[in-house]
Amino acid sequence: MKRFNAVTLLLIGIFINTDSQMALAKTNTNQRVPFLEQLMMHSVMHYEVQNIKIENDSGQQRIFSINDGFQERVLRKVVHWLNNSSRVNGTTEISLEKPSNKLTVKTVNDEVITIEPAYKCVLGNKRKTCTAKDGELIISENSHKVQIKSQSLYAWLVVGWKKELNGPTKEELLEEALFTRYLYILGPSYSDFFMCPKIQIKPIDADPRRHLIFASALSYSGHHGGDYDKLTFSVRDSNLEGLKVTNVKIKKHNSQEESQKQCRKFD
């Protein structure tokens, strides 16, 4: 039987301990951080939200899903407001049994979170009167509650959600159509870049027949939690000279913040 000296045994112990620590670290990395903890760290990721459902006390409701490209932008907007909200310290105000409006967030990890206006109630003449606190919301997950302040999300929860369009505007459709036309010129190797397209058009020497187009978009392959690559390019579009593509660039592994800026169409 092969014998090991003390030094060899010590090294083996170090390697085993290191491997165990690495395995534990990997396990911890794969564990999802609970939604409320992400909220407190202002690090909620839109792609971890499966859908949001909003309903009022009149029975009206709408659902916005991550699987719909247009509805996803609504998810991004709500997550942006959550990440930019501020914590309200002190006693948590009450939430009503039947609030005027309630937002239910379902995550891909099957967490269910409710968001509703915070109310302040006073008792007078043996009657309780409750009024909503402007800009303040209560977020609940099971028995845990957090009170936040977000004027934008509050206004959207009260009335803004009803104004969300069921599809893109004419301007957005035109932007997408133009981007697709110019993207086709680049060839099939760039076909993955169609997420959140943006177009800027400037006339050349005030000539309505010649324009300079600046275009950008994200790669679709990063849609569900991966890193987005960003494509930028410019095109000289002229009725006299045809199309000429210049300055084609791909920036790999954009940060979440950079990707949100590309897709953001809200304040």
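Just so you know, these numbers come straight off a predicted model, no measurement behind them. The residues of the chain are indexed from 1 along the displayed sequence.
- With a 6.0 Å radius and a threshold of 12 heavy atoms from other residues, nucleotides or ligands, K106 has its NZ atom at or below the threshold.
- H46 places a side-chain heavy atom less than 4.5 Å from the side chain of E72.
- With rounding to the nearest 0.5 Å, the separation of NZ in K102 from CG in N56 is 12.0 Å.
- In this structure, the separation between OG on S152 and NZ on K77 is 10.0 Å, given to the nearest 0.5 Å.
- Side-chain contact between L178 and I201 is present, with at least one heavy-atom pair separated by less than 4.5 Å.
- At least one donor-acceptor pair closer than 3.5 Å links the side chain of E111 to the backbone N or O of F35.
- The distance from the CD atom of Q38 to the CE atom of M45 is 7.0 Å, given to the nearest 0.5 Å.
- Heavy atoms of other residues, nucleotides or ligands lying less than 6.0 angstrom from OH of Y184 number 12 at most.
- In this structure, K230 and E258 have side chains that are not in contact, with every pair of non-hydrogen atoms separated by 4.5 Å or more.
- Screening L186, N247, T246, I250 for a side chain to side chain contact (heavy atoms under 4.5 Å, CB included) involving F233 leaves a single residue, L186.
- The salt bridge (Lys or Arg N to Asp or Glu O under 4.0 Å) search around E37 returns none, not counting sequence neighbours.
- Contact check for W156 versus V74: side-chain heavy atoms found under the 4.5 Å cut-off.
- With D237 contributing its side chain and H211 its backbone, the two residues share no donor-acceptor pair below 3.5 Å.
- Open room surrounds CD on Q200; 12 or fewer heavy atoms of other groups in view lie less than 6.0 Å from it.
- Look at E172 and R73 and you find a salt bridge, because one of the NZ, NE, NH1 or NH2 atoms lies within 4.0 Å of a carboxylate O, short of that distance.
- Neither side chain, N109 nor Q50, offers a donor N or O lying under 3.5 Å from an acceptor on the other.
- Under the 3.5 Å distance criterion, the side-chain polar atoms of D205 are left unmatched by any main-chain donor or acceptor of D207.
- Side-chain contact between I115 and L82: present, with at least one pair of heavy atoms (C-beta onward) separated by less than 4.5 Å.
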